[in-house]
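Just below is one structure, and these are the notes that go with it.
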Amino acid sequence: SIGYGYAKDSHAAYYMGEQLPDIDPSSFEAIKDNYAKDSHDVYFKGEKLSGVSPESFKPLNDGYAKNAQGFYYTDEKLDDADSESFGLLD
């Protein structure tokens, strides 16, 4: 197990015991709050997030994340989030 329900071996990556398709296991990592990524894609609870680039992807807290394309909550892009003012409250 590499955390958050994810696992990998030299041939594949898994979420909750189910093999994930089209994953690069050598670069696959669980990163935080049920997010994971490989060199090509980002995943939330084992589901690929469409169009989300992994290069700048960073989980924040409590299911929120960001990258160069915007902000996300779990598997949803927050279209109205303003990068200048967006912040998490305590």
_Under a 3.5 Å distance rule, please check whether K8 uses its side chain to pair with a backbone N or O of F28 as donor and acceptor._
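Side chain of K8 to backbone of F28: a pair is present.
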*Mark yes or no for whether K45, through its side chain, and T74, through its backbone, hold a donor-acceptor pair below 3.5 Å.*
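No.
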Taking every non-hydrogen atom, the tightest pair across [X] and [Y]:
X: D38; Y: D22; result: OD2-O, 4.1 Å
X: S10; Y: P25; result: O-CG, 3.8 Å
X: V42; Y: P54; result: CG2-CA, 3.6 Å
X: N67; Y: V52; result: ND2-CG1, 3.5 Å
X: P59; Y: A65; result: CA-CB, 3.8 Å
X: S56; Y: A68; result: OG-N, 2.8 Å

In Å and rounded to the nearest 0.5 Å, what is the [atom1] to [atom2] distance from [X] to [Y]?
X: E55; Y: H40; atom1: CD; atom2: NE2; answer: 9.5 Å
X: D41; Y: L49; atom1: CG; atom2: CG; answer: 8.5 Å
X: I23; Y: K37; atom1: CD1; atom2: NZ; answer: 13.0 Å

*If two hydrophobic side chains count as joined below 4.5 Å and joins carry through other members, does Y73 share a cluster with L60?*
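Linked, Y73 and L60 end up in one cluster.
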*Ignoring hydrogens and angles, state whether a donor on the side chain of Y14 or D9 is under 3.5 Å from an acceptor on the partner side chain.*
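Yes - a donor-acceptor pair under 3.5 Å links their side chains.
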*Count the heavy atoms belonging to other residues, nucleotides or ligands that lie under 6.0 Å from NZ of K32, then report whether that count exceeds 12.*
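Buried by this count: over 12 neighbours within 6.0 Å.
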_Would you say that more than 12 heavy atoms from the other residues, nucleotides or ligands in this model lie under 6.0 Å from the CD of E47, or not?_
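No, not enclosed.
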*Kindly determine whether F44 and Y72 satisfy ring-ring contact (aromatic ring centres under 6.0 Å, His included), including the steps that lead there.*
CA-CA 11 Å; F44 182 77; Y72 304 86; over 10 Å; no
*Mind running ring-ring contact (aromatic ring centres under 6.0 Å, His included) on Y6 and Y43 for me, showing each step along the way?*
CA-CA 10 Å; Y6 292 99; Y43 303 84; 7.6 Å; no
*asked:* Among Y4, Y64, F57, exactly one meets ring pair (Phe, Tyr, Trp, His ring centres under 6.0 Å) together with Y35. Which residue is that?
replied: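 Testing Y35 for a ring pair (Phe, Tyr, Trp, His ring centres under 6.0 Å) against Y4, Y64, F57 leaves exactly one candidate, F57.
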